[in-house]
Amino acid sequence: MESIIYNFFNVEVMIRARYLLWLGLQVTLKLAFLSLLLAILVGLFLAVLRNLRIPLLNALIIIYVDLFRALPTIVLFMLVYFTWPYFGISLPRYWSAVVALTINGGAYFEEIFRAGIESIDKGQTEASRALGLSFTQTMFSVILPQAVRVVLPPATSNALELIKTTVLASVIALPELMKQAQQAHGSLANPTPLIMAALIFLVLLWPLVRLTGYLERRFAK
Amino acid sequence: MSKVLVEIDNLHKYFGKDEVLKGINMSIRVQDVVCLLGPSGAGKSTLLRCINRLEEPTSGHIYIDGEEITGHGVDLNYMRSEIGMVFQHFNLFPHLNALENCTLALIKVRKMRKKEAEERAIDVLRQVGLENKANTKPKELSGGQQQRVAIARALSMNPKLMLFDEPTSALDPELIGEVLDTMIDLAEQGMTMIVVTHEMGFARKAATRVSVLDQGLIIEDNTPDKVFDAPEHPRTKEFLSKIL
Amino acid sequence: MNFRDLFHYFFNFKFFIITLPDLLRGLVVTVEIAALSLTLGFVLGLVLAVIRVTLKHSGTAGVLRILNFPLVVYIDVLRAIPPLVTLIVVYYALPFINITIPRFWAAVLTFVVILSAFAEEIFRATIEAIDRGQIEAARSLGLSYLQSMAYVVIPQAFKIALPPLTSRMIAVTKDVSLASVIGVADLLKKARAAQSLYANPTPLFSAALLFTLFFLPLVRLSMYIEKKLAE
């Protein structure tokens with residue numbers, strides 16, 4: 001038992017590591033926030049485009065979505081960070097991470113928004129077009145507000161997943177929370193920082209886990 | 001006089017602070033067909049469900065064929081296998097067809113071999129007139145057919161006693177008849193039955209006894225003719241006047 | 001950057017062929033971890049769900065119901081913490097309290113417990129959604145509690161659970177590549193090693209290709225299952 005406290009909950013180590021972890025947390029939060037925002041925009045954009053039902057465009061979108069939902073995210077991270085320099089695009093780690101998360105997240109969000117848009121009865125579109133509303137007006141004033149109800153549970157679930165995925169940036173050496181924790185673990189020869197990082201993630205994400213469950217129950221068909 | 005099959009001794013049932021059964025005493029003999037009648041909330045279904053302990057009695061004793069089902073260390077599964085129950089909402093197993101609904105317990109509880117079980121199942125399905133629907137799934141059957149399969153399922157276990165909990169209340173009017181006919185057949189074959197129902201016609205025709213419950217107590221217990229034509233208790237008169 | 005350079009760097013056929021056997025060996029390891037994790041995680045999740053449902057509805061005395069709390073903690077923690085973090089804790093932190101697990105099994109253990117947490121929630125929700133009348137009918141025929149669960153409730157719950165469960169299982173399978181971070185010689189690790197060795201990103205693209213070929217049918221299959229069961 002004392003071994004657990006000494007190795008996992010070592011107060012002295014916690015104090016010494018706290019600044020490093022704080023820096024890491026900031027990076028994680030910035031990365032999560034920005035990537036989430038961009039991924040939602042990309043997903044929304046693609047879903048709306050798909051609704052236009054232009055065959056060639058649809059095919060391209062489907063390829064994008066299938067590809068990036070099939071490819072493991074960690075592989076995507078590496079592809080972006082290690083191979084883009086060969087193309088002459090050398091992105092700093094942070095932006096590589098943002099790009100990878102946005103591409104991956106965007107594919108998932110597109111599917112979620114598409115399901116939401118398609119779940120709205122066709123009659124809604126017909127009624128509002130018959131009233132004279134344009135495509136854009138129909139989308140934003142009639143379809144999307146209704147789609148939000150359908151979309152909210154899976155979207156929060158996906159947002160949760162995206163935030164969890166920011167940890168993969170540690171693999172390309174971005175100093176986010178996990179990487180900093182590993183750093184501290186290395187230099188202090190004590191795994192307490194790892195446990196601290198885990199607990200910080202828990203505090204950050206557990207409410208979202210509960211929220212997702214609540215939303216799923218509330219909006220279940 | 002045939003022997004006593006079900007003996008209910010001072011049965012009380014509380015749901016939280018609510019006393020739903022306030023001391024029921026009943027004796028039911030072999031081949032009795034007992035109809036439990038009464039206003040809603042009187043405790044009829046609760047009483048029925050206590051008999052096979054789907055509801056746990058709070059106090060009192062219930063004896064099935066001499067053995068106390070409310071006793072300690074009793075083999076409840078075994079005793080339940082000797083009592084058949086038919087539910088208001090049928091509760092057929094949707095993932096199994098009619099035949100399989102009837103064979104499941106035969107195989108798992110009576111440990112019959114599949115072939116034997118299927119023969120028995122076809123027999124009971126024939127008894128309710130549905131052997132040609134043996135391979136059909138419940139969702140493809142009408143309400144009346146589903147309930148008859150449910151009756152067959154209970155019968156396949158060769159029970160000493162059959163309990164019916166408002167068997168026709170969830171059926172469309174034109175389907176009620178086929179189920180009641182099946183139940184009348186059963187009664188004529190000598191099955192001991194306890195039926196909670198609002199079908200007075202059935203009670204008059206098939207019941208050997210009618211027990212009227214009101215607010216957790218039996219207020220009238222007599223032959224159908226006497227209860228319907230010459231009720232004694234004022235509340236019985238009140239109840240009958242509302243529905244007849 | 002002209003096309004010849006492109007092919008020299010990214011789709012270098014020579015490198016592709018040279019590295020292919022090694023990459024395939026890595027793919028086998030990936031598949032092994034995935035197969036083990038999926039089956040054990042699935043089974044464990046189902047067992048935990050049955051335990052939780054039984055604890056919740058059996059009305060047994062407080063003694064046994066206390067067991068519910070550690071279960072809830074287990075399930076919530078494993079679903080909230082990123083898989084990579086759990087993996088690193090299992091492999092790097094546990095040795096400090098004398099629990100040393102070889103990489104391969106550390107990865108399997110991690111994915112098994114993570115999947116079991118998600119699977120438990122899915123199974124529990126579906127089991128609880130099955131109408132109570134089903135259990136009553138089964139028990140009234142004389143089937144025991146476990147028999148009622150096994151032959152009546154769980155088969156029905158399973159059908160409803162399958163779509164969310166398959167998509168979660170695919171997600172876990174993709175996470176298996178995280179094992180490369182703790183040094184397991186899976187497809188990704190082999191690809192990175194080859195890339196450093198040859199200073200050429202073709203192996204990484206080859207790995208990406210292999211992953212896509214492997215997962216695309218799975219993703220499509222799960223979408224098909226979801227659609228079919230939505231009926």
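Every chain is numbered from 1, with letters handed out A, B, ... down the list of sequences.
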Practice item. Report the C-alpha separation of C/Gln147 and B/Val109 in whole Å, then their side-chain angles, then the decisive distance to 0.1 Å, and conclude whether the side chain to side chain contact (heavy atoms under 4.5 Å, CB included) test is met. Key: CA-CA 9 Å; C/Gln147 284 177 322; B/Val109 180; 4.3 Å; yes

Check your understanding: What part of B/Arg49 lies closer than 4.5 angstrom to a heavy atom of chain C: side chain, backbone, both or neither?
Key -> side chain

Review point. Relative to chain C, which of B/Ala154, B/Ser81, B/Pro159, B/Ala150 shows the most heavy atom pairs under 4.5 Å?
Key: B/Ser81

Review point. Is the count of non-hydrogen atoms from other residues, nucleotides or ligands lying under 6.0 Å from B/Glu67 atom CD greater than 12?
Key: no

Check your understanding: How about C/Pro155 and B/Phe93: do any of their side-chain heavy atoms sit closer than 4.5 Å?
Key -> no

Exercise for review: Would you name the heavy atoms of B/His95 and C/Val152 that are closest together and state the gap between them?
Suggested key: CE1-O, 3.5 Å

Study note, to complete from the structure: Applying a strict 4.5 Å limit to non-hydrogen atoms, the region of B/Ile83 in contact with chain C is backbone

Review point. B/Leu92 and C/Gln134: which non-hydrogen atoms are nearest, and at how many Å?
Key: O-NE2, 2.9 Å

Point to revise | Heavy-atom closest pair, residues B/Asn52 and C/Ser140 | key: ND2-CB, 3.7 Å

Point to revise | OH/C/Tyr145: more than 12 non-hydrogen atoms of other groups inside 6.0 Å | key: yes

Check your understanding: Do other residues, nucleotides or ligands put more than 12 heavy atoms under 6.0 Å from C/Tyr224 OH?
Key -> no

Practice item. Check whether more than 12 heavy atoms from other residues, nucleotides or ligands sit under 6.0 Å from atom CZ of B/Arg126, and answer yes or no. Key: yes

**Study point:** Test item: B/Lys108 and C/Leu141 side chains (from C-beta on) under 4.5 Å apart, heavy atoms
**Key:** no

Practice item. Kindly give the heavy-atom pair with the smallest separation between C/Arg139 and B/Asn77, and that separation in Å. Key: NH2-OD1, 2.9 Å

